[in-house]
Amino acid sequence: MTALWVTVALAVAGFAGWPVTALVFKLARTIDDRADAARAAEEAPTPEQDPSADVTVDDPSPIAGGTAGQAVDGELTAAPAGPASDGPAAGPALPSQRILRGGAIIGVLERLGVCLAILAGQPVAIAYIVAIKGLGRFAELKETPVAAERFIIGTLTSMLWAAGTAAAVKVLFLQ
């Protein structure tokens, strides 16, 4: 019976964690979008502040758009970096670059590892999982702030889901 509960815990932690993580990403994006819209509204010059503004326009609403730097959509893609401002373009435009490639597979493996570590009574193994994951992504996280934010949100969500699942199964069914 123990093997059954361990298998159920691993399945729930590993595979049911993906929708939970996706929901947290969606919530984070909604919060970011609202903050960006509020900031854009505050920074938009009013006709009284902008002497070049057309006073005949009734609605001087700002155009919502990307921020300076890197725009990332829900599919973890980023527009390629533009040419340096002090030099000419060095060739044709590059296609969009995927960031945090393999994140879904890594997330499943991470949740399985965390759940198994807790069920086996070896929570120290979680530190190894975090270290391996962080070292593997270090260069990408250093270059891309958006990737670093997604990495932190995804890692914390995955680990909390896996740890909660493992703890619940261990307390309720494996004692």
Side-chain angles (χ1 to χ4, degrees), residues 12-86 89-90 92-115 126 129-165 168:
V12 170
F15 301 105
W18 178 81
V20 173
T21 303
L23 181 66
V24 171
F25 279 140
K26 185 176 181 179
L27 177 63
R29 165 168 264 159
T30 302
I31 292 169
D32 288 345
D33 289 347
R34 286 183 184 168
D36 290 345
R39 187 175 349 108
E42 289 174 2
E43 292 175 357
T46 60
E48 297 84 28
Q49 295 172 335
D50 187 4
S52 66
D54 183 4
V55 293
T56 61
V57 176
D58 291 334
D59 184 20
S61 62
I63 297 173
T67 59
Q70 203 169 46
V72 176
D73 63 16
E75 294 299 318
L76 296 175
T77 58
S85 60
D86 59 345
L94 298 172
S96 63
Q97 174 187 4
R98 291 187 65 208
I99 58 175
L100 297 178
R101 294 180 329 271
I105 302 293
I106 293 169
V108 169
L109 295 172
E110 169 192 2
R111 289 187 294 272
L112 289 173
V114 168
C115 185
I126 297 170
I129 295 168
V130 172
I132 291 168
K133 189 174 178 187
L135 287 173
R137 295 281 194 194
F138 180 73
E140 192 173 9
L141 297 175
K142 186 177 176 184
E143 293 176 4
T144 314
V146 173
E149 291 173 10
R150 289 187 66 92
F151 177 84
I152 292 169
I153 291 169
T155 299
L156 289 176
T157 303
S158 285
M159 289 195 166
L160 287 172
W161 176 262
T165 301

Next item on the list: With sequence neighbours left out, write down each residue that passes side-chain contact (heavy atoms from CB on, under 4.5 Å) with Ala16, or none if nothing qualifies.
Entry: Val12, Trp161
Identify all side-chain donor-acceptor contacts of residues 17-25 below 3.5 Å with residues at least two apart in sequence or on another chain.
residue	atom	partner	partner atom	Å
Thr21	OG1	Gly17	O	2.9

Checklist line | Spatial distance of atom CG (Leu160) from atom OG1 (Thr165) [nearest 0.5 Å] | finding: 10.5 Å
Note to self: Could you measure the distance from the CZ atom of Phe151 to the CD1 atom of Ile106? Nearest 0.5 Å is fine.
What the structure shows: 8.5 Å
Next item on the list: Sort and list the pairs that fulfil side chain to side chain donor-acceptor pair (under 3.5 Å) and have at least one residue in residues 104-113, not counting sequence neighbours.
Entry: Glu110-Lys133, Arg111-Ser158
Check: If you take all heavy atoms of Ala13 and Ala162, which pair is closest and at what distance?
Finding: CB-CA, 4.0 Å
Next item on the list: Output the distance between atom CZ (Arg29) and atom CD (Glu149), rounded to the nearest 0.5 Å.
Entry: 11.5 Å
Item checked: Point-to-point distance, once rounded to the nearest 0.5 Å, from CG of Leu27 to CD1 of Ile153 -> 9.0 Å
Margin query: To the closest 0.5 Å, what do you measure between CZ (Arg150) and OG1 (Thr157)?
Written below: 10.5 Å
Next item on the list: First locate atom CD1 of Ile129, then atom CG of Leu112, and finally report the distance between them rounded to the nearest 0.5 Å.
Entry: 9.5 Å
Checklist line | Ionic contact status for Asp36 with Arg39, cut-off 4.0 Å | finding: yes
